[in-house]
Every structure is written in C-alpha cells, then in structure tokens.
Amino acid sequence: MTAFQELRLDGVGRRFGGRDALSGLSLTIRQGEFIALLGPSGCGKSTALNCLAGLLPLSEGSIWQDGARLDTLPPERRGFGMVFQNYALFPHLSVRKNISFGLQMQRVPRDEVKRRTDEAIRLVRLEDHAGKLPGQLSGGQQQRVAIARAVVLEPSLVLMDEPLSNLDAKLRLEMRTEIRRLHQTLGLTTVYVTHDQEEALSLADRLVVLRDGRVEQTGTPQELHERPANRHVADFMGYRNLLPMRVKAVHGSTVAVDGSGMTLEGTPVGKFAAGDEVVAGIRPEDLHIGVHGVPVTVEVVEYQGRELAVEARTADGVALHIMAGERPASGDSITVSADPARVLVFPGGVA
Amino acid sequence: MTRTALRHRLAERGVDRQLWLLVPGLACVLALFVYPFAYGIGLSFQPSEGGFLGAYRTFFADAYQRDTIATTLGLALPAAILNVAASVPIAYRMRGRFRGKRLLTTVLVVPITLGTVLTAEGLLNYLGPAGWFNRALMSIGLIDDPIRLTNNYWGVFFSLVITGFPFAFLLILSYLSGIDPTLERAAATLGAGWWQRFQRITLPLLAPGLATTFCLTFVLAFSVFPSAVLVGDPAGETRVISIAAYHAAYEVYDYPLGSAIAVVMGVVELAVVAIVLGLRSLLYTGSTGGKG
C-alpha cells in the first residue's frame with residue numbers, strides 16, 4: 001500500500017433517518033500519527049470510523065488522501081486495515097488463512113503471501129496456533145489475529161473500533177502496550193475508537209473528543225488532560241466533581257465561585273462576570289483533606305490499594321469525590337480544599 | 001444403598017420423573033408411525049408368489065415400474081436444486097432491513113399455504129393450451145400453436161418449484177441471517193469485492209445450511225403425487241414412484257408390491273440424503289458468528 005502524507009476529513013457528516021449521528025468532522029491525520037476518537041456511546045465515533053473505512057456512505061463532506069478524493073471509493077479500494085470490536089474473524093478459516101486472506105485478495109504472489117503471513121503470525125506471537133480455527137482461540141489470541149490480519153497488508157491507515165472492550169482488565173493492559181508497540185515498530189498510522197479515556201490518553205498522539213456527533217475538542221493527551229475546553233470534555237478527562245456554582249467575584253486570573261454549600265477559588269475557562277452560572281470541575285486527586293476548606297461528611301470509603309476513594313457530602317447534600325491517603329471512616333467530618341490552579345471553572349447553564 | 005442416593009445417581013444420568021412427560025408422545029409415535037412402518041416392511045416381504053423377495057423382484061424386473069425411480073429423480077433433483085439455487089440470491093439481497101420486506105416475504109411465502117391442488121388448478125388455467133400464457137404468446141405472434149406446458153414433465157416441475165421454493169427461501173433466509181454481517185465488511189476492508197466476499201466468506205458459511213435445505217426440499221419433491229396426477233402425465237412422462245405404489249396397492253390390490261415400492265422409495269430418498277449429508281460433514285459447520 002502506498003503511504004500518504006496526510007489524510008484530510010473535510011466536514012464529514014452522516015445522518016441516520018434525519019438524525020445527525022456525526023456532523024462537521026474536520027481532521028487532518030498525518031503519516032505515522034496515532035489518533036484516538038474518544039466519547040461516550042452514541043457520540044458518533046464508530047460512525048466516523050465506518051465512514052473512514054467506507055462501510056458507511058457520507059451524508060456530507062469529503063475525505064482526501066493527499067490530493068485524491070477517497071470517500072467515493074468502496075472499502076475494498078481504500079487500502080485501509082480495520083480491526084473490529086467483535087474481531088470479525090472468518091470462523092471457517094484457520095488463523096493462517098484469516099491472516100493471508102487480504103494478501104490473496106490483492107493477488108500477491110504465493111511465496112510472498114507465505115512469507116508475509118509467517119512474519120505477521122510471528123509478530124503477534126501466534127506461531128503455535130497458526131493452524132487453529134478462531135473458535136479454538138482465547139479472546140486475547142483472537143484479538144491478535146484480528147490485528148495481524150489488518151496490518152499484514154501494510155495498510156496506509158489502520159482503523160480500530162474499540163478493539164479491547166471485550167477483554168478482561170489484565171489482558172486489556174497487555175494488548176494496549178502491544179498495540180502501541182506495533183504502531184511504533186511498523187510505523188503505522190492509526191485511528192483508534194474508544195470510550196475509555198485512560199486507553200485514549202496512553203495510546204494516542206492526538207485525541208478527538210466527540211459528543212452528540214460533534215467534535216468537542218482536539219489536542220494532545222496532555223492538552224486535553226490539563227486544559228479541557230468545556231465541562232463535557234472535563235467529565236471525560238476524569239474531572240469527577242462537576243459542581244454547579246455561581247461566580248461571586250473575578251480577581252485577575254482567578255474567580256471566586258460559590259454554591260453547592262461551599263466557596264472556591266478557581267481558574268476560569270472563558271470569560272465570566274459576577275453572577276454567572278458556572279460549573280466548577282475538580283479531579284478527586286486534587287481535593288486535599290486538611291484543616292482549612294469546605295467541611296464535608298464522609299459517606300462511602302472504597303479501598304483501592306495505594307489510595308482510598310472517598311465519597312463525601314457537603315452541608316447542602318452535594319456529593320464530592322475525594323482521593324485520600326489515609327483512611328477516614330464513614331461518618332467522619334473532614335475539611336477539604338483545592339489549589340485554585342486545579343479548579344477549572346466552565347460556563348454553566350444548559351448546553 | 002439408600003433411596004436418596006439411588007435417586008441422585010439416576011438424576012445424574014438424566015433419569016427423573018420428568019421422563020413421564022415423554023410417554024404420550026412416544027405412544028403416538030409407536031402406534032401411528034413405528035408399527036405401521038414395520039408392518040409395511042414386513043408386508044413387502046410376503047408377496048402371494050415369488051418367495052421372500054418376490055415383490056422387489058417384480059418391481060425391478062418390470063422396466064415400466066423400475067423406470068419410475070429415474071422419472072422421480074429426474075423431477076425431484078432438478079426442482080430441489082433450482083429451489084435452493086434461486087433462493088440464495090434472493091435471500092442474500094433480503095438480509096438487511098428495508099421498506100416492504102414483510103410484504104415481499106409474504107408474497108414469496110404465500111404458495112406454501114395454497115396446497116398442491118390449488119396450485120395445479122392455477123397452473124392449468126395459466127399455462128394450459130388455452131391458458132393466458134399461451135394466448136398472450138399467440139396474440140403477439142411469437143408462436144402459432146400453444147406450447148405444451150401442462151400435463152407433461154414441465155407442469156409437474158413448475159408445481160414443484162412453486163410449492164418448494166418458499167420453503168427453501170425461508171430456510172435459507174434464516175441461515176443467512178445467522179451469519180454475522182461484519183464478516184463481509186471485514187472482507188471488504190481486506191480488499192475483497194462483492195463476488196469474492198460472497199464466494200469466500202458467505203457461501204462457505206452458508207453451505208451446510210444449503211445442504212440441509214436441499215435435503216428437505218428434495219424429500220418433499222420426491223414424494224410428489226397430486227401434481228404428478230393433476231398437471232402431469234401420470235401414465236407416461238410423469239409416472240412417478242408414488243403413482244406406481246398407489247397403483248399397485250389400490251388399483252391392483254397387491255399390497256406387498258405397494259409396500260415394496262414404498263420401501264424402495266424410502267431407500268432412494270435416504271441414499272440421496274446420506275450422500276448430501278456426507279458431503280456436508282466435510283464442510284465447516286461451526287459457529288457463524290451471527291445471532292442465529
């Protein structure tokens with residue numbers, strides 16, 4: 001397959017029966033990048049992937065590979081590899097034949113098919129299972145066959161649709177590393193769909209956060225993690241405490257907000273005036289138990305190994321999620337505070 | 001050994017009081033199928049003359065009788081193959097959801113409910129020498145004399161297709177919807193065009209279902225009787241084996257010969273089914289990944 005310099009999605013959209021499943025997705029994917037499409041279920045990320053693969057026709061927009069228009073080509077002529085959520089391995093073909101299927105479709109000479117298939121089987125470490133049918137493999141092994149089948153063609157772009165969601169937690173971590181390793185060693189360009197922010201942050205060079213078919217924010221993992229553009233992205237990036245509040249005063253680079261039974265200093269994301277409805281976002285690990293701050297009552301304590309996840313309530317009955325080092329007991333009264341730089345204040349209201 | 005332990009050990013082998021539920025069914029099968037079947041087989045070995053195998057010898061010695069096997073196979077095999085072959089592309093196109101699917105399915109399936117006699121009457125009216133089909137062809141000057149399409153091989157063949165097709169179609173549609181549609185999409189992303197996807201992925205996964213469907217429609221067609229009489233040529237071209245059996249038993253009153261012909265009929269059917277199922281066992285018959 002010929003590599004491209006850049007793949008450009010230009011206002012790509014897809015409607016299902018009058019409803020926008022995806023609209024106005026514009027994105028430029030550069031050669032060698034790992035892009036994650038992140039969002040909750042129904043946000044349009046799988047639709048975007050299927051549009052890119054050619055499995056769904058676009059309702060609007062266009063896709064360009066360097067100078068060539070791509071969205072009018074059928075999937076078999078785009079030269080992209082795809083890893084499906086349920087793997088979609090051909091159940092009647094052995095592991096070897098599953099992997100060599102694409103090469104045979106490209107009419108690659110027989111000895112080259114054999115060489116490249118062997119290489120791909122070795123790459124995903126399935127030498128001992130090459131003759132088995134997919135039904136005889138474990139979930140992780142099936143996953144590796146699906147990846148080998150997609151990358152053996154040396155596709156210009158690999159599309160992955162939640163490839164790890166059917167695996168157990170331990171295997172998921174292993175395969176995550178495996179996918180990143182393959183991406184680097186083979187020099188792939190990858191678009192990866194997931195609803196798991198941790199997966200997206202650890203794998204991707206760039207993230208696209210989608211919600212209701214629209215792009216909420218695009219950026220590097222660090223940008224999104226530290227400076228989410230709005231409260232929806234913040235919600236996805238681990239800001240578990242999203243508290244509806246009101247601006248009390250604006251002082252230079254910080255704002256004072258109150259509501260939900262507490263008063264906080266935070267960093268504004270956007271312009272505010274006193275009295276505005278806002279949402280204050282704080283990560284559980286950025287709330288510290290100390291002597292000063294907001295008094296809360298501990299309700300639930302979950303042991304999580306190195307830390308404790310604490311759910312507490314303010315005097316107004318608003319729940320706060322806190323990460324604690326030592327064990328407060330259920331029913332304890334504690335006070336919590338947060339660094340103003342770590343409290344992000346987003347526009348509130350409906351939206 | 002205590003009582004409870006015995007009951008426990010029996011339950012482990014699947015023996016418990018629920019087995020009594022099988023009694024009514026078993027009694028019916030014994031009284032209505034196994035006994036008459038065994039009686040018929042026994043009868044076929046007791047002809048009035050010619051000894052133990054006399055009835056079979058009579059059947060195979062007479063070319064007029066013997067040829068009914070070939071006649072019946074000549075009708076049933078092509079009809080079953082056509083029913084299966086015609087159902088595949090239609091069912092393949094009808095897998096997904098689309099407007100009017102229910103209506104189309106109903107139209108395709110209606111002939112099952114009509115019964116052979118009604119179908120035969122329709123065929124006579126439509127394809128007969130004075131039927132619409134011939135009159136239409138003659139009026140546009142395509143033919144001068146009516147084409148004979150009833151009271152011969154073709155009449156019976158059409159009747160078998162009309163009644164057998166819906167059956168084959170319904171079965172194949174359900175086999176097809178049992179195949180995970182993402183498999184074809186995966187094949188497409190690997191560079192396979194529609195024909196390659198069908199031939200390399202869908203067809204191999206569907207083949208065991210096609211074999212089963214073929215067996216069922218073949219058995220249905222092989223026991224053709226009403227249409228062979230009504231729209232066929234029961235004394236000549238479409239003298240099928242069931243007519244021979246009927247003739248022997250109820251017109252000549254030679255029950256042993258009638259039974260012997262029925263047994264031959266069963267053996268031929270079983271042989272065809274055994275060959276097809278034998279070939280089927282060579283195919284992949286495991287999961288097809290779909291909802292079915």
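Throughout, protein chains are lettered first and strands after them, A, B, ... in sequence-line order, and every chain is numbered starting at 1. In what follows, every heavy atom counts, from backbone to side chain, and hydrogens, waters and symmetry copies are set aside.
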Novice: Under a 4.5 Å heavy-atom cut-off, does chain A meet the side chain of B:Arg200, its backbone, both or neither?
Specialist: both
Novice: Heavy-atom pairs under 4.5 Å with chain B - which of A:Arg149, A:Met82, A:Arg77, A:Gln85 has more of them than the others?
Specialist: A:Arg149
Novice: Would you mind checking which part of A:Leu89 comes under 4.5 Å of any heavy atom in chain B, side chain (CB onward), backbone (N, CA, C, O), both or neither?
Specialist: backbone
Novice: Is the closest side-chain donor-acceptor distance between A:Asn166 and A:Asn86 under 3.5 Å?
Specialist: no
Novice: Compute whether any side-chain donor of one residue and acceptor of the other, for A:Ser62 and A:Arg69, lie under 3.5 angstrom apart.
Specialist: no
Novice: Go through the side-chain N and O atoms of A:Glu33 and A:Thr189 and say whether any donor and acceptor fall under 3.5 Å apart.
Specialist: no
Novice: Taking C-beta and beyond as the side chain, do A:Phe84 and A:Glu162 meet within less than 4.5 Å on heavy atoms?
Specialist: no
